[in-house]
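What follows is one structure encoded as structure tokens, with my remarks underneath.
Remember, it's a predicted structure, so these values are computed and weren't measured experimentally.
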2 protein chains.
Amino acid sequence: MAIIKRETDYAVRALRKLAGADDFVSVSVLAEGEDVPAIFLRKIMQRLNRAGMVQSRQGPFGGYRLNVAPEDITLLDVVETVQGPLVMNECFVEPEVCRRTEFCPVRVRLAELQVELNARLAEVTLGEVFSAEPAGEGAAR
Amino acid sequence: MAIIKRETDYAVRALRKLAGADDFVSVSVLAEGEDVPAIFLRKIMQRLNRAGMVQSRQGPFGGYRLNVAPEDITLLDVVETVQGPLVMNECFVEPEVCRRTEFCPVRVRLAELQVELNARLAEVTLGEVFSAEPAGEGAAR
DNA sequence: GATAATAGGAGTGATATACTCTTATTGAAT
DNA sequence: ATTCAATAAGAGTATATCACTCCTATTATC
Ligand code: SF4
Ligand code: SF4
């Protein structure tokens, strides 16, 4: 199973394009050449908007633009905003799923992993990732 | 989303019980008091069996027994056997899902996280986890 | 105020997860 | 040897999640 869902991956692609523009960009332009169904990307952008990560404007010449600097957006932010919180096991978000939570040694180990995974995801910023792209950008193949 | 699925969690519970027995234990006994649907656990045990982690015997007085010492079973083993391989993103297992794999900086970061997550999961052995259980065991509560 | 471009949000099909039913095996008692 | 009950094997089903689409509301420009 993949931990990162398609929607999150698509969100990163769109945010990358937004980072390279300073005006509002429409969803159809954002989806262009990114192998993302535009109509699906719209839904994803809505979530980023509700989370305040981007700003939207309706009507002609509308679209989305970044509301937060790429350096201040972490991979964890995108994951949690788009696909929801990431947990090692269900018992971390749904206490009633298991009555062992109090004295479960498995859970203790998983909690450690959970903290570490989140920390690693939070270490990666979009600013960093985008700056690492191959020099000859724009119409990359 | 939970990274560890119910089936994997159930597998660990069953393996814990097997670790405390030295004869074959039937699925119905394994499921007893573990809040696991016995008939579902059976399917899970089949996977552990095919992977060689446990040994099965049919007929009366049959069931399952460990085929590998708990110290030699890692959490990663159980996860991969029961719910399949764990990857950060689909492009790690399905190359045709994306044509950017060659020059994608996101993928590079995810690959690092992937290695680390797997390493951490592989560090945790069932032997270690089970030995950490509260002293008064057996009829816990 | 009409128009066309755009975002908003409800809705749908496909896939994966969680769980069950039926069939085949086998050890032991007769 | 034959029967029988206990047990595992594997096919099958309901529900939840994922991936994606359709229709409706908004709004800048003419
Ligand atoms: S057994 Fe432990 S790890 Fe599994 S769901 Fe219960 S508390 Fe969480
Ligand atoms: S964009 Fe990068 S991380 Fe995402 S699927 Fe493609 S190669 Fe993988």
Value in whole Å for how far the [atom2] atom of [N] lies from [atom1] of [X]:
| X | N | atom1 | atom2 | answer |
| --- | --- | --- | --- | --- |
| A:F40 | C:dG13 | CZ | P | 16 Å |
| B:E7 | C:dT20 | CD | P | 14 Å |
| A:E32 | C:dT6 | CD | P | 11 Å |
| A:I44 | C:dA10 | CD1 | P | 17 Å |
| B:D9 | C:dC19 | CG | C1' | 15 Å |

Looking at residues at least two apart in the chain, or sitting in another chain, which of them share a side chain to side chain contact (heavy atoms under 4.5 Å, CB included) with [X]?
| X | answer |
| --- | --- |
| A:E123 | A:R120 |
| B:E90 | A:A2, A:R6, B:V93, B:E94, B:V97 |
| A:E7 | A:K5, A:F40, A:I44, A:R47, A:V82, A:Q83 |
| A:A111 | A:F92 |

What are the two closest non-hydrogen atoms of B:R109 and A:A132, and how far apart are they? NH2-CB, 3.8 Å
For residues A:T101 and A:C91, report the shortest heavy-atom separation together with the two atoms involved. CG2-CB, 3.9 Å
Check for a donor-acceptor pair, side chain of [X] on one end and backbone N or O of [Y] on the other, with a separation under 3.5 Å.
| X | Y | answer |
| --- | --- | --- |
| B:N67 | B:Q55 | no |
| B:Q114 | B:L86 | yes |
| B:R100 | A:E34 | yes |
| A:S131 | A:E128 | yes |

Per-helix bend value, the helix from C:dG1-D:dC30 to C:dT30-D:dA1, C1' rotation axes over five pairs per end, 10° rounding, shows 0°
For nucleotides 14-16 of chain C, print each protein N/O atom paired with a nucleotide N/O atom at under 3.5 Å, atom names and distance only.
none

Under 4.0 Å between a Lys/Arg side-chain N and an Asp/Glu carboxylate O for B:K17 and B:E32? no
Looking at B:R107 and B:E102, is any side-chain nitrogen of the basic one under 4.0 Å from a carboxylate oxygen of the acidic one? no
Applying salt bridge (Lys or Arg N to Asp or Glu O under 4.0 Å), name anything that partners A:R13, two or more places apart in sequence or on another chain. A:D9
Do B:R57 and B:F24 form a cation-pi contact, if we require the NZ or CZ to be under 6.0 Å from the six-membered ring centre and within 45 degrees of the ring's axis? yes
5'-most contact on DNA chain C: A:Y64 or B:R6, nearest heavy atom basis? A:Y64
With a non-hydrogen cut-off below 4.0 angstrom, is A:Y10 in contact with a base, only sugar-phosphate, or nothing? sugar-phosphate
What residue pairs, at least two apart or across chains, pass salt bridge (Lys or Arg N to Asp or Glu O under 4.0 Å) with a residue in residues 62-88 of chain A? none
Its contact letters, B for base, S for sugar-phosphate only and - for none at protein heavy atoms under 4.0 Å, make nucleotides 21-27 of chain C read B---BBB
Pairs satisfying ring-ring contact (aromatic ring centres under 6.0 Å, His included), at least one member in residues 53-89 of chain B, at least two apart: none
Check each residue of residues 46-53 of chain B for a non-hydrogen atom within less than 4.0 Å of any atom in DNA chain D, then write out the ones that pass by number, or none. B:Q46, B:N49, B:R50
DNA chain D: first to last nucleotide in contact with chain A (atom under 4.0 angstrom from a heavy atom), 5' to 3', is D:dC18 to D:dA28
